[in-house]
Trainee: 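Here's a structure for you.
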Amino acid sequence: MTGDRLYLYGIVPATPPDLGTGIDGVALRAVAGPDGVTAVVHEHDGGPYQGADADVRRWAVEHSVVVERVWRIADTVLPASFNVIVAPTAEASAGQRLQEWMETHADLLRQRLDALGGRVELHVEISLDRQQAAEGHPDVISAKAELESRPPGVQRLLRKRVDQLEREITEAQADDRHPVYRRRLAAVSEGLDENRRAHLAAGTSLVLSVALLVPADDVRGVGTVLTAIQGEEPAARIRYVGPWPPYSFADVTALGPPGFES
């Protein structure tokens, strides 16, 4: 594919030796900036990638594969969000606009690349199983005892009452544990980004969902904290994924690259 636009994958500290291909097998190329800073792109002749959901998911995955590949080669990357495209103007080509943008932000780009070298992102979600968390509460015990002695029609109403009690009790526990667990995870990471979308199982209440920035050689520290939390709280349900490139801590889109984002 050739075109007058450039699709941006991310910024790396130097040109990787083998860029390979990107979305739909299009050849990648490098746009050099100051002090070795390099943008990884492919030539593009249209607008943002859009279409059927299955196609968009595939393109987004292919974008992520490129980011992860150059991250592993270069040891650090400032990822661009999916669908960042640099367009030309009457005065400058897309490549010239991208180079000018890298020159304008050269110091900040280099600082971010240096700060994120050897760092990885981990995602942690902690929730509480409602039945297990609330089973010892006197209100739940009383409601369950009453349920067993009632006729079927009343039992259905009481079951709804038990479910509501379990939800209220567990969400109160989750609120109490949130600042405690947050402090413990912050103590073993260099950065913490909260309020991420959670993948909650049915019958659970969210305590926290965070992205953590951690040195690649110190990932075990997070695991140690999570193991301790699980041991202290049997009702805890912990989801722990990664390591990934530092998307939450390095997105170049925040710097306003030239072009547009879908």
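Each residue takes its place number in the sequence, starting with 1.
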Trainee: Looking only at non-hydrogen atoms, find the nearest pair between L122 and P243 and report the distance.
Mentor: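 Taking L122 first and P243 second, the nearest heavy atoms are CD2-CA, 3.8 Å.
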Trainee: Just how far is it from atom CG of D45 to atom CG of D4, taken to the nearest 0.5 Å?
Mentor: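 One finds 8.0 Å between CG of D45 and CG of D4.
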Trainee: Checking the side chain of Q99 only, and the main-chain atoms of A32 only, is there a donor and an acceptor separated by less than 3.5 Å?
Mentor: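 Judged by distance alone, yes, a pair lies under 3.5 Å.
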Trainee: Could you name each residue pair satisfying salt bridge (charged side-chain N to carboxylate O under 4.0 Å, His left out) that touches residues 200-228, not counting sequence neighbours?
Mentor: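 For residues 200-228: none.
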Trainee: Tell me whether D35 contacts the main-chain N or O of V37 through its side chain, where contact means a donor paired with an acceptor under 3.5 Å.
Mentor: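 No, the answer is negative, given that no donor and acceptor are paired below the 3.5 Å cut-off.
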Trainee: For S205, what residues pass the side chain to side chain donor-acceptor pair (under 3.5 Å) criterion, not counting sequence neighbours?
Mentor: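 Once residues adjacent in sequence are excluded, the partners of S205 under the side chain to side chain donor-acceptor pair (under 3.5 Å) criterion are R130.
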Trainee: Using salt bridge (charged side-chain N to carboxylate O under 4.0 Å, His left out) as the criterion, list what pairs up with D114, not counting sequence neighbours.
Mentor: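 Once residues adjacent in sequence are excluded, the partners of D114 under the salt bridge (charged side-chain N to carboxylate O under 4.0 Å, His left out) criterion are R110.
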Trainee: Would you give the length of the straight line joining atom CZ of R183 to atom NE2 of H178, rounded to the nearest 0.5 angstrom?
Mentor: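 R183 atom CZ to H178 atom NE2 measures 10.5 Å (nearest 0.5 Å).
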Trainee: Can you list the residues that meet the side chain to side chain donor-acceptor pair (under 3.5 Å) rule with T15, with sequence neighbours excluded?
Mentor: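 With sequence neighbours excluded, T15 shows a side chain to side chain donor-acceptor pair (under 3.5 Å) to T38, given in chain and number order.
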Trainee: Measure across I11 and L113 and return the closest heavy-atom pair with its distance rounded to 0.1 Å.
Mentor: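 Nearest pair, atom of I11 first, then L113: O-CD2, 3.6 Å.
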Trainee: Scan residues 59-88 for pairs that pass salt bridge (charged side-chain N to carboxylate O under 4.0 Å, His left out), counting only residues two or more places apart or in two chains.
Mentor: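 Those involving residues 59-88 are R58-E62, E68-R72.
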Trainee: Backbone N or O of G117 within a donor-acceptor pair of the R119 side chain at under 3.5 Å?
Mentor: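 Yes; judged by distance alone, with no hydrogens or angles, the pair exists.
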Trainee: When you measure from the side chain of H44 to the backbone N and O of G47, does any donor-acceptor pair fall under 3.5 Å?
Mentor: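 Yes, because the side chain of H44 sits within donor-acceptor range (under 3.5 Å) of the backbone of G47.
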Trainee: To the nearest 0.5 Å, what is the distance between CD1 on I73 and CG on D18?
Mentor: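 Those atoms lie 6.5 Å apart.
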Trainee: Under the side chain to side chain contact (heavy atoms under 4.5 Å, CB included) rule, collect the residues that match up with Q230, sequence neighbours excluded.
Mentor: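 Q230 satisfies side chain to side chain contact (heavy atoms under 4.5 Å, CB included) with A236, I238 once adjacent residues are dropped.
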Trainee: What's the separation between atom CD1 in I126 and atom CG in L226, rounded to the nearest 0.5 Å?
Mentor: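 Answer for the CD1-CG pair, I126 versus L226, is 5.5 Å.
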Trainee: Can you sort out the partners of E232 under salt bridge (charged side-chain N to carboxylate O under 4.0 Å, His left out), two or more places apart, ordered by chain and number?
Mentor: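 So E232 forms a salt bridge (charged side-chain N to carboxylate O under 4.0 Å, His left out) with R184.
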Trainee: Give, for atom CZ of F249 and atom CG of L212, the distance between the pair rounded to the nearest 0.5 Å.
Mentor: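 Answer rounded to 0.5 Å: 6.5 Å.
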Trainee: Does Q173 have any side chain to side chain donor-acceptor pair (under 3.5 Å) partners at least two apart in sequence or in another chain, and if so, which?
Mentor: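 Once residues adjacent in sequence are excluded, Q173 has no partner under the side chain to side chain donor-acceptor pair (under 3.5 Å) criterion.
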Trainee: Quick one: does E121's side chain have a donor or acceptor within less than 3.5 Å of a partner on S248's backbone?
Mentor: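 Confirmed, E121 side chain pairs with S248 backbone.
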Trainee: Aromatic ring centroids of H123 and Y247 under 6.0 Å?
Mentor: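 Judged by ring-centre distance (under 6.0 Å), H123 and Y247 do not meet the cut-off.
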Trainee: Fit a plane to each ring of Y9 and H63, take the angle between them on a 0 to 90° scale, and name the class: parallel (under 30°), tilted (30 to 60°) or perpendicular (over 60°).
Mentor: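 Ring orientation, 0 to 90° scale: parallel.
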Trainee: With sequence neighbours excluded, what pairs up with W59 under the side chain to side chain donor-acceptor pair (under 3.5 Å) test?
Mentor: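 With neighbours one apart ignored, the set is D24.
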Trainee: How long is the gap from CD1 on I229 to OG1 on T224, to the nearest 0.5 Å?
Mentor: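 Taking CD1 in I229 and OG1 in T224, the distance rounds to 11.0 Å.
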Trainee: If every non-hydrogen atom of L128 is compared with every non-hydrogen atom of A133, which pair is closest and at what distance?
Mentor: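 Answer, listing the atom of L128 first, then A133: CB-CB, 4.4 Å.
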Trainee: Checking salt bridge (charged side-chain N to carboxylate O under 4.0 Å, His left out) for the pair E43/R5: CA distance, chi angles, key distance, verdict?
Mentor: CA-CA 6 Å; E43 294 182 359; R5 293 177 167 89; over 6 Å; no
Trainee: Would you check if the side chain of R97 reaches a backbone N or O of A92 as a donor-acceptor pair within less than 3.5 Å?
Mentor: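 Flag not set: sc R97 to bb A92 has no pair under 3.5 Å.
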Trainee: When clusters are formed by joining ILVMFWY residues with side-chain heavy atoms under 4.5 Å apart, either directly or through shared neighbours, do V207 and Y240 land in the same one?
Mentor: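 In one cluster: yes.
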Trainee: Would you say Y7's side chain and N83's backbone share a donor-acceptor pair under 3.5 angstrom?
Mentor: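 Present.
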Trainee: Please evaluate residues L213 and L116 with respect to the criterion side-chain contact (heavy atoms from CB on, under 4.5 Å), reporting the C-alpha separation (whole Å), side-chain torsions for both, the decisive distance (0.1 Å), and the verdict.
Mentor: CA-CA 9 Å; L213 182 67; L116 294 171; 3.7 Å; yes
Trainee: May I have all residue pairs that pass salt bridge (charged side-chain N to carboxylate O under 4.0 Å, His left out) and include part of residues 169-180, sequence neighbours excluded?
Mentor: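 Pairs touching residues 169-180 that pass the test: R167-E171, R177-E233.
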Trainee: Can you tell me if S93 uses its side chain to pair, donor with acceptor, with the backbone of Q96 under 3.5 Å?
Mentor: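 Indeed, once roles are kept as given, a pair shorter than 3.5 Å links the two residues.
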Trainee: With sequence neighbours left out, write down each residue that passes salt bridge (charged side-chain N to carboxylate O under 4.0 Å, His left out) with E100, or none if nothing qualifies.
Mentor: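 Testing E100 for salt bridge (charged side-chain N to carboxylate O under 4.0 Å, His left out), a comparison that skips the adjacent residues, returns none.
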Trainee: In chain order, what residues pass the side chain to side chain contact (heavy atoms under 4.5 Å, CB included) check against H199, with sequence neighbours excluded?
Mentor: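 Result, side chain to side chain contact (heavy atoms under 4.5 Å, CB included) vs H199: E125, R239.
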